[in-house]
Amino acid sequence: MEAVSPVIEVLKCVYKPVVRYVGYAKNLKNNLERLDKAARNLNHRRDDIQLLVRNTTRAGKIPSSRCETWLKDVENIEKQMVEMKEKYEQENKCFKGFIPNVYSRMMFGKHVVVKIAEVSELVNNFKSDEGVLVDAPMRSVEMVSAPRIEVESSTARTVQKILEHIRDGRKQRIGVWGMGGVGKTTVMKMVNNLPEISQMFAVVIWVTVSGDWSIKKVQNEIAAGLKIKLEENMSNDVVSRILFEKLNTKYLLLLDDVWDKVDLEDVGVPAPSLENGCKVLLTSRSQGVCNKMETNVEVPMEVLSEEEAWKLFHEKVTDVIELPMIQPLARQVVRECGGLPLAIIVVGGALRKETNILVWENALNELRMAATSHIEDMEKVFKRLKYSYDRLKDDNMKNCFLYGALFPEDYMIDIDELIEYWRAEGFIEGARNLEEACSKGHTILKYLVDASLLERCYKYDFDSYNDGFSLMKFNIDNPERECVKMHDVIRDLALRITSHGGREGRMFLTRAGTKLEEPPKEQAEWKRANGISLMHNNLCWLPESVDCPILTTLFLQRNNQFKAIPDSFLEGMPALRVLDLSGTIIKQLPPSLCRLKNLRGLYLTKCMHLFTLPPEIGSLKSLEVLVVTGIHYLPIEIGELGRLQHLRVSFSCDRDDDMEHATQRIIPYEGISRLTHLEDLRIEIDMEDERWNEIVEAVTEEIGALKELCRLEFCFASVKHLEHFINISRPWNSGLLKSFHFTVSRPIRRDQSTIFEELYGHVIFTPLLSQLDRWLMFNNCNAILDVPVQVFRRANGVILWHSTAFEKLEQLGEENLSGLKFFLIRNCDFGQTLIGGGWKLPNLEELHIEESSNMLNVWECNSSLTPPLLGNLRILKLQDCSKLKYVFPEGFLPNVPNLEVVTVISCESVQQIIVGEVNETTLSKLKIIRLDWLGNLDYICEGFLLWSSLVHFRINECVKLRRMPFGTDSAPSLKTIECKKEWWDSLEWEDDVTRNRFQSFFTPFTD
């Protein structure tokens, strides 16, 4: 028995596993059914979870790591079950199915039971949705598709400017603005993709705002960028709080295509600041919108250069543009696109791989006649650009914009003239006088410029000299005139709009600057037009009569072969408001002029053969603006223009071929005083005209009687006449006369005309001149001290020319000159020192001293005085001051801390520019130095200066100067040193390192 017991125990231990394994084989079928059911449950749960993941990932959720592991486990289980099924089918039977494989069946049965447990556990892991998803982490930058940045391209320059502003901690809001299609979005994409951006910010969010934006739309786009799920019924305030919490990090918000102010606080964006390092970068077609968004800096978009435009066009069209017969046409097509990327891409796509020269010729013609262009997809360009036009505030502003289409392509439009045209047309409403009209006009102009529909530009105005205007007009009234122009494609848009105008729109007949020799023959074009522009052409004749019932503007200026207007030509234009005949060679105006009862603006500048105006001028009862230059005299009927507000007239001397007018008065008595509504009067005379001396006293009296005058340009024959005007003029004494250009000049005889020609030839090109509107100019005058002090006190610019009225400048009185911004003194004897010690001229920006033969010092320096005495002086010019030895005496430089330009010419006694020791901050803002013909100049300064802002240095004929005032670390901003090569090679340097460093800036001087 004792021996049997262990055996029994062994049998018991073996029995249980055997029974269990027998059970695996016996219950295999039932267990397979259980496994199949569990697998179906698992698959259903997997499908539910995968659907949940797909539907919520875009709302800022992602699968949890637990969920991702579970899905992988499910995938593995599925693979194992497939393998199990295949194995069961192969091994379930042996000997071709007649004898079951009992062992294999038992092992397989056990495997099935294990899998049932595993599948059941996987199903139980996610009985609910909890834990399946978690908030997606914010990605630093979502890369967007953008072209590669070309080195040295305009786009690269713009991207670099933007990046520099982003790096600047002081600038939290940066605006990029420009016309539609210029590439603002492309530049924004390039900035988004910069590696440096992902390093600088924790998160970068892109939002396309567009014209139909709303707070909800902006919030949704930001939420999408942050991977945040928003419920549809959430209010803006709730979303704002959610976004504010999520954006508690260093972000860069990119707002593309902004059309109006987006209140970031309402959206839920924390205000960017220096402390949090956050930034907002936005693009807009309007600089005004950038201002509304309170940007710290605005970056204007450049159009493509010719080279860049050609390269982009080449990419779109392919190598066919290199074909000899195609390339000339392709070049012209690219020019017509005006550097606008969108236009280049569209036109290039239409001509891709095109080799038919006729197709290219047609494309060029279509672009030149954009109003009727049928180039495929070009309509997309105009549609995008027209959106800016459609968003203009009202019809008047739209009409002001469209008016620019009357001018030739690339034409620089004078701003004052444009605003005058607008007012005459009735586009400026509610203005009670010219001053208000001018203010409203400039406001409209700024809006159009900010909307990228017009561009500001500048041109030098030499017309005044050619017209025989007085020195006052030529030298003082802004030789660098501010203008505006239309981009070529924007002008094409305006032409397109005005060519398809309906009953509510305006229609133009524009053939400006097209070398037209004959007027348009289609009478229907004349009849339908609100505006007709045939300016800048070669017209020789006009039709006898035309029917233009709704025509309001007619431009015929700058047709220099046009001699005569048919007598009845103007009869069919009852609605005409603006007529410009400037720059033609007409000898008279037609009798039909009297039919223009609605004419408000008449322009007759540079009509060199028009000696006077006809009596019919008195019939123009609605005339408000009359500009006529170079005539002999005004007719008596000028006094009948009761509504005239602006009269600008210049007179020429009698001509040999018209001596019959020699006895005519330039201005008829009582001709000016009857113009009771006159606000702006500019009378310019030829100083050689002896008739002026006979009437100047009477005309002065008449002008003094005008009660509405707010601007006056006039030449007084003596100080006595100026003083009389000051005494009797109500507008002067009440302060209504805010703008004046007064010239006081003694008559110049013909044998003295070289003096006047010298004055005419002396032009000062300086931007300051365009900003100043209160001028005094004395020429050949010895009674300056008798001028009432109030005239000097009101002036912001004074020119003294050939005047010997006093020995020292102090005689004019420091307090009387304290408002000056510009001061020019030429050929005046002020003794040895011009500006006395202690004199303060706090507003003076430019000082020009020329031909001062006795002056030893420009200013007297007193070390006990507190600088600066000339704190705003930016430009100093000294020329032909023969006894001057030093420009800046010892200790004086602290008085001119803002000096930017120093010019010293033909001052043969000058030995040194700066005397005494100076510190490193001295002349820290100086940008330009010009030293010409200084034969005795030994030193510029003692030692070396930092010259931290110096950009350009010009030296010519300074033969004794042997050392430059530069050390190794001087002039970090220097671009050029202009001088003669022989002189440059003879210079002595501190060491070779310094010589080599500045050698790269050397530019050979050419006479």
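If you're wondering where the values come from, they're calculated on a predicted model, not measured in any experiment. Residue numbers count from 1 along this sequence.
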| request: Apply the test side chain to side chain donor-acceptor pair (under 3.5 Å) to residues Thr584 and Gln557: give CA-CA distance (whole Å), side-chain angles for both, the deciding distance (0.1 Å), then the verdict. | output: CA-CA 6 Å; Thr584 60; Gln557 63 265 39; over 6 Å; no
- Quick check, are the ring centers of His536 and Phe555 under 6.0 angstrom apart? no
OG of Ser545 to CD of Gln523, rounded to nearest 0.5 Å, is 7.5 Å
Between Glu518 and Leu539, the two heavy atoms sitting closest are C-CD2, 3.4 Å
Check your understanding: Any ion pair linking Arg711 and Glu713 (charged N to carboxylate O, less than 4.0 Å)?
Key -> yes
Can you give me every donor-acceptor pair (side chain of residues 442-449, partner residue at least two apart or in another chain, under 3.5 Å) with its distance?
unit_1, atom_1, unit_2, atom_2, d
Thr443, OG1, Ser439, O, 2.9
Lys446, NZ, Asp450, OD2, 2.7

**Report entry** Under 3.5 Å donor-acceptor, Arg600 side chain and Arg577 backbone
**Finding:** no
Could you check whether atom NZ of Lys597 has more than 12 heavy atoms from other residues, nucleotides or ligands sitting under 6.0 Å from it? yes
Practice problem: Taking the side chain as every heavy atom from C-beta outward, state whether Glu361 and Leu329 have any atom pair closer than 4.5 Å. | Solution: yes
Quick one, His487 with Val182, criterion side chain to side chain contact (heavy atoms under 4.5 Å, CB included). Give me CA distance, side-chain angles, the key distance, then yes/no. CA-CA 11 Å; His487 183 276; Val182 77; over 6 Å; no
Closest non-hydrogen atoms of Lys440 and Ile428, given as atom of the first, atom of the second and distance, are CB-CG2, 3.7 Å
If you count the non-hydrogen atoms of other residues, nucleotides and ligands that lie under 6.0 Å from NZ in Lys621, is the total more than 12?
yes
So does Glu354 get a backbone contact from the side chain of Trp360, meaning a donor-acceptor N/O pair under 3.5 Å? yes
- Query: Is a donor on one side and an acceptor on the other found under 3.5 Å between the side chain of Ser568 and the backbone of Glu571?
  - Reply: no
To the nearest 0.5 Å, atom OG1 of Thr155 lies from atom CG of Leu304 at 5.5 Å
Item to check | Close side-chain approach of Glu684 and Val649, heavy atoms under 4.5 Å | outcome: no
In this structure, CG of Leu453 is separated from CZ of Arg285 (nearest 0.5 Å) by 9.0 Å
Run the side-chain donor-acceptor check on residues 524-531: report pairs under 3.5 Å with partners two or more places apart or on a different chain.
unit_1, atom_1, unit_2, atom_2, d
Glu525, OE2, Arg511, NH2, 2.9
Trp526, NE1, Pro520, O, 2.9
Asn530, OD1, Met507, N, 2.8

Separation between OG1 (Thr185) and CE (Met301), nearest 0.5 Å, reads 9.0 Å
Please check if the number of heavy atoms outside Glu306 that lie under 6.0 Å from its CD is greater than 12. no
**Prompt:** Do the side chain of Glu417 and the main chain of Asp414 share a donor and acceptor less than 3.5 angstrom apart?
**Reply:** no
Partner of Leu581 under side-chain contact (heavy atoms from CB on, under 4.5 Å), picked from Ile565, Asn559, Thr605, is Ile565
Are any of the side-chain heavy atoms of Thr629 and Phe651 separated by less than 4.5 Å? no
field: Pair Asp257, Trp259: side-chain N/O donor-acceptor within cut-off below 3.5 Å
entry: yes
Original post:
Do Ile326 and Thr355 have side-chain heavy atoms sitting under 4.5 Å apart?
Top reply: no
Between Thr510 and Ala512 (side chain of the first, backbone of the second, donor and acceptor by atom type, cut-off under 3.5 Å), is there such a pair? no
Are Asn396 and Glu429 close enough, and set up right, to give a side chain to side chain donor-acceptor pair (under 3.5 Å), and what steps lead you there?
-> CA-CA 8 Å; Asn396 280 333; Glu429 296 179 334; 3.3 Å; yes
For Glu420 and Tyr603 the tightest heavy-atom approach is OE1-OH, 2.9 Å
With a 4.5 Å heavy-atom cut-off, do Phe407 and Leu418 have their side chains touching?
yes
Report task. Please answer whether the main-chain N or O of Leu406 pairs with a side-chain N or O of Ser533 as donor and acceptor at a distance below 3.5 Å. Result -> yes
Do Asn362 side-chain atoms and Leu358 backbone N/O form a donor-acceptor pair below 3.5 Å?
-> no
Any non-hydrogen side-chain atom of Phe569 less than 4.5 Å from a side-chain atom of Pro543? yes
Neighbour count >12 (heavy atoms, 6.0 Å) for atom CD, Glu302: yes
All heavy atoms of Arg682 vs all of His646, minimum pair found to be NH2-CE1, 3.8 Å
Under 3.5 Å, side chain of Thr553 to main-chain N/O of Val578, donor-acceptor pair present?
no
query = Do Phe611 and Tyr633 have ring centres separated by under 6.0 Å?
reply = no
task = Cation-pi check, Arg331 to Trp310: give yes when NZ or CZ is under 6.0 Å from the six-membered ring centre and within 45° of the ring axis, no otherwise.
result = yes
#### Entry: NZ or CZ of Lys398 within 45° of Tyr389 ring axis and under 6.0 Å
yes
Is there a side-chain contact between Val289 and Trp177 (heavy atoms, below 4.5 Å)?
no
field: CZ/Arg491: more than 12 non-hydrogen atoms of other groups inside 6.0 Å
entry: yes
Q | Glu307, CD: over 12 other non-hydrogen atoms inside 6.0 angstrom | A | no
A side-chain contact here means heavy atoms from C-beta on lying under 4.5 Å apart; do Leu570 and Pro590 qualify? yes
Value for CG (Leu493) from CE (Met179), rounded to nearest 0.5 Å, stands at 11.0 Å
Closest non-hydrogen atoms of Leu516 and Asn537, given as atom of the first, atom of the second and distance, are N-OD1, 2.9 Å
Query raised in the report: Are the side chain of Ser592 and the backbone N or O of Asp567 linked by a donor-acceptor pair below 3.5 Å?
Result: yes
When every non-hydrogen atom of Met486 is compared with those of Leu454, the smallest separation belongs to CG-CD2, 3.6 Å
